[in-house]
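In what follows, a structure is listed as structure tokens, so that the remarks can point back to it.
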Amino acid sequence: MIYGNHGKLLRINLEEKNFGVEEISEKTLNETIGGKGLGTHLLLREVHPLVDPLSPENKIIFTTGPACDTRIPASSRYGVFAKSPLTGIYAESYSGGHLAPVMKRAGFDAIILEGISNTPVYLHINQDGVTFHEAGHLWGLESYETENCIKKEVGIRNAQALVIGPAGENLVKFACIKNNYWRSAGRTGLGAVMGSKKVKGLIFSGDARARLAESALLKEYICSLKEKGKDNAAVKAYYNFGTPMMVSILNEVNSFPSRYWHRGNSENWRNLSAEYLRDNLEVRSRACRSCYMACGKLSRVLKGRHKGLTIEGPEYETIYAFGGLCCIDQLEEVVYLNDLCDRLGLDTISSGNLAAFAIEAGLDGKIKGAPAYGDVDSIAELIKKISARQGLGDILADGIKSASQKLGLEDIAIHVKGMEPAGYDPRVLKGMGLAYAISDRGACHLRTTFYKPELSGIISPQQIEGKAELLIDYEDRAVLFDCLIFCRFFRDLVTWDDLSTVIAATTGQQLNKEQLQKIANNVVSWARIFNLKAGISRKDDTLPPRFFQEPLDRDGNITREELDYLVNDYYRLRGWDKEGIPLQ
């Protein structure tokens, strides 16, 4: 008996404009749980790791998890999987908001899009299957307008849509998928995969409900989780300030990347901070479905040339990417660039990194007409050119690895496996150096969120011995979060015992910590196997040369020897050989 999931996969052939429903076995669901586990299992089974990511042979897979469409706070999330056009390896991304429960009520645990449509389409998916809609009239529209149009045309109350913007249509390799205007499956370029398949959007409706194994136990757990969050300091901080609270924290420890990773702090960080946001913009807290943390901040600009502009954000990562790396010293201008990226369907982390890289390339004399540090309008024009693939924008649209090779600037480019890091400098937070180096999708802060123990005093940022063991504990819990699918911000509230309880209540599986760790290790190893077959090797599990060669201005440095020790220890603890190959 399958609980917590539907046991169904929807396969959509875009070339033939047909679909089929397949069973997912109880064994597969038990071994994968759902979400990341199921998505990674299917990607390894369905996609050859050497295919061109923008070819018909690549497939894009959407999944939910057994926690989705329950009332558990933190559970309103879906996952997306494919081979990444940005990195050429394993791709995953997740998004919150209000779409995931409706996606699950369409009646499927996984949806696979394969092939390429000969004309632009959008798809309406419910428990009866798929309706194909012509989307030529939507091609070229920005993301907000596209979402509005699709919902209006389908005309079903409470239907939810995900869409791409012009960047995805133009195959910008860090284009993202958008839902609820401001929520993004943001990293690894999955919007470009949708664009390559000529799919402008998906819209979901339905009333299919997955059966729960123990409803009473789940209700009891939800009550306990709400009680646990009442006086929790992290919950209060996210509710009051959201992720911009990290601006002051990272500047204080000299780990706020600035001036394209040359500095660890910004002189004008106070104009980018959560306190500035609260005091100078009109801000209302917003939550995903069923969540009491309400970390989202609906922010309206009150003064200046962008007066009246409203977004949900900006998040810390966008502030660091534009405010730090590009030296923009006013939050209202970061809001403007955030809105521009959202409309075009661009990942803000990659966009800010590439803009700052272009500034450095201009200073180095490699390109003409580059933006200047702090020049918002020239940066905005560059972002538009990236989305449209015009001029210099066409070079940058292929991502940092390709652009740096074409411009002869590989020595200054900051990335791991083709993806730029988030806003935590590993020369100070050395555990984040390991996190970036071994992440299955390229430099990523969310695979482990290891900045948390390093910043909170659980482990010293400079400590090397024993760090890999703690990082794996964080990574394993994060993997299980992504199988259920849970929001990372509940990491302080959801323990190993809680994970066992949630899985028992939803799926009926009785799993202890050791069994959960085995599932997590399997999922990590599956992603590693995909990457090994795609051409990744031990030499790729490293950091950009500048992080070893260029100490931060105050007190930050990481050596190759330190990182080698951390990577070796990580491999050993994972049960991989010295080349990073899983032994089982």
- Item | By salt bridge (Lys or Arg N to Asp or Glu O under 4.0 Å) - contacts of Lys173 (at least two apart) | Asp398
- Indicate the ring-plane relationship of Tyr316 and Phe256, choosing parallel, tilted or perpendicular according to the 30° and 60° boundaries. tilted
- Query: Just wondering, do Ile60 and Val80 contact through their side chains at under 4.5 Å, heavy atoms?
  - Reply: yes
- Message: For a 4.5 angstrom cut-off between non-hydrogen side-chain atoms, does Thr119 reach Lys198?
- Response: no
- Give, for atom CD1 of Ile116 and atom CG of Asn58, the distance between the pair rounded to the nearest 0.5 Å. 9.5 Å
- Residues in salt bridge (Lys or Arg N to Asp or Glu O under 4.0 Å) contact with Asp377, at least two apart in sequence or another chain: Arg305
- Answer yes when Glu275 and Arg278 have at least one side-chain N-carboxylate O distance shorter than 4.0 Å, and no when they do not. no
- Query: Is the shortest distance from a Lys or Arg side-chain nitrogen in Glu410 or Lys401 to a carboxylate oxygen in the other one below 4.0 Å?
  - Reply: no
- Message: Using the ring centroid of each side chain, check whether Phe481 and Phe489 are separated by less than 6.0 Å.
- Response: no
- Message: For Ala91 versus Leu190, what's the shortest heavy-atom pair and its separation?
- Response: CB-CD2, 4.1 Å
- Task: Start with the C-alpha gap between Lys151 and Glu147, add the side-chain angles, then the distance that decides, and say whether salt bridge (charged side-chain N to carboxylate O under 4.0 Å, His left out) holds.
- Result: CA-CA 6 Å; Lys151 286 182 176 179; Glu147 186 174 341; 3.2 Å; yes
- Exercise: identify the closest heavy-atom pair between Ser184 and Asp342: OG-OD1, 4.4 Å
- Please report the shortest heavy-atom distance between Leu543 and Gly433, naming the atom on each side. CD2-O, 3.5 Å
- For Gly431 and Glu454, work out which heavy atoms get closest and say how close. N-OE2, 2.7 Å
- What side-chain hydrogen bond (donor to acceptor under 3.5 Å, both in side chains) pairs are there with at least one residue in residues 352-363, not counting sequence neighbours? Trp261-Asn353, His262-Glu360, Tyr320-Asn353, Glu360-Tyr373
- May I ask you to test the Asp425-Leu552 pair for a side-chain heavy-atom distance under 4.5 Å? yes
- Message: Are the side chains of Leu162 and Phe62 in contact, using a 4.5 Å heavy-atom criterion?
- Response: yes
- Query: Crowded around Glu134 CD? As in, over 12 foreign heavy atoms under 6.0 Å?
  - Reply: yes
- Should Asp482 and Arg447 count as an ion pair when the cut-off is N to O under 4.0 Å? yes
- Should Arg270 and Asp329 count as an ion pair when the cut-off is N to O under 4.0 Å? no
- Query: If we only count heavy atoms from C-beta on, is the Asn179 to Ile177 side-chain gap below 4.5 Å?
  - Reply: no
- Given side chains that start at C-beta, do those of Pro426 and Tyr451 come closer than 4.5 Å, heavy atoms only? no
- Query: Should the pair Lys417-Asp541 be classified as a salt bridge under the 4.0 Å nitrogen-to-oxygen rule?
  - Reply: yes
- Item | For Arg187, side chain to side chain donor-acceptor pair (under 3.5 Å) partners two or more places apart | Asp347, Ser350, Glu420
- Note on the structure: Tightest non-hydrogen contact, residues Tyr424 and His445, listed as CE1-CD2, 3.9 Å
- Message: Going by salt bridge (Lys or Arg N to Asp or Glu O under 4.0 Å), name the residues that satisfy it together with Glu282, two or more places apart in sequence or in a different chain.
- Response: Arg300
- Would you check if Leu298 and Trp182 make a side-chain contact, meaning some heavy-atom pair closer than 4.5 Å? yes
- Query: Side-chain donor-acceptor pair under 3.5 Å between Asn251 and Asn265, yes or no?
  - Reply: no
- Item | Salt-bridge criterion met for Arg441 and Glu92 (N-O under 4.0 Å) | no
- Item | Heavy-atom closest contact (Ala358 atom, Pro371 atom, distance) | CB-CD, 4.3 Å
- Task: Could you grab the distance from atom NZ of Lys59 to atom CD1 of Ile111, nearest 0.5 Å is fine?
- Result: 15.0 Å
- Within 45° cone of Tyr239 ring axis and under 6.0 Å: Lys297 NZ or CZ: yes
- Item | Contacts of type side chain to side chain donor-acceptor pair (under 3.5 Å), residue Glu169, not counting sequence neighbours | Lys200
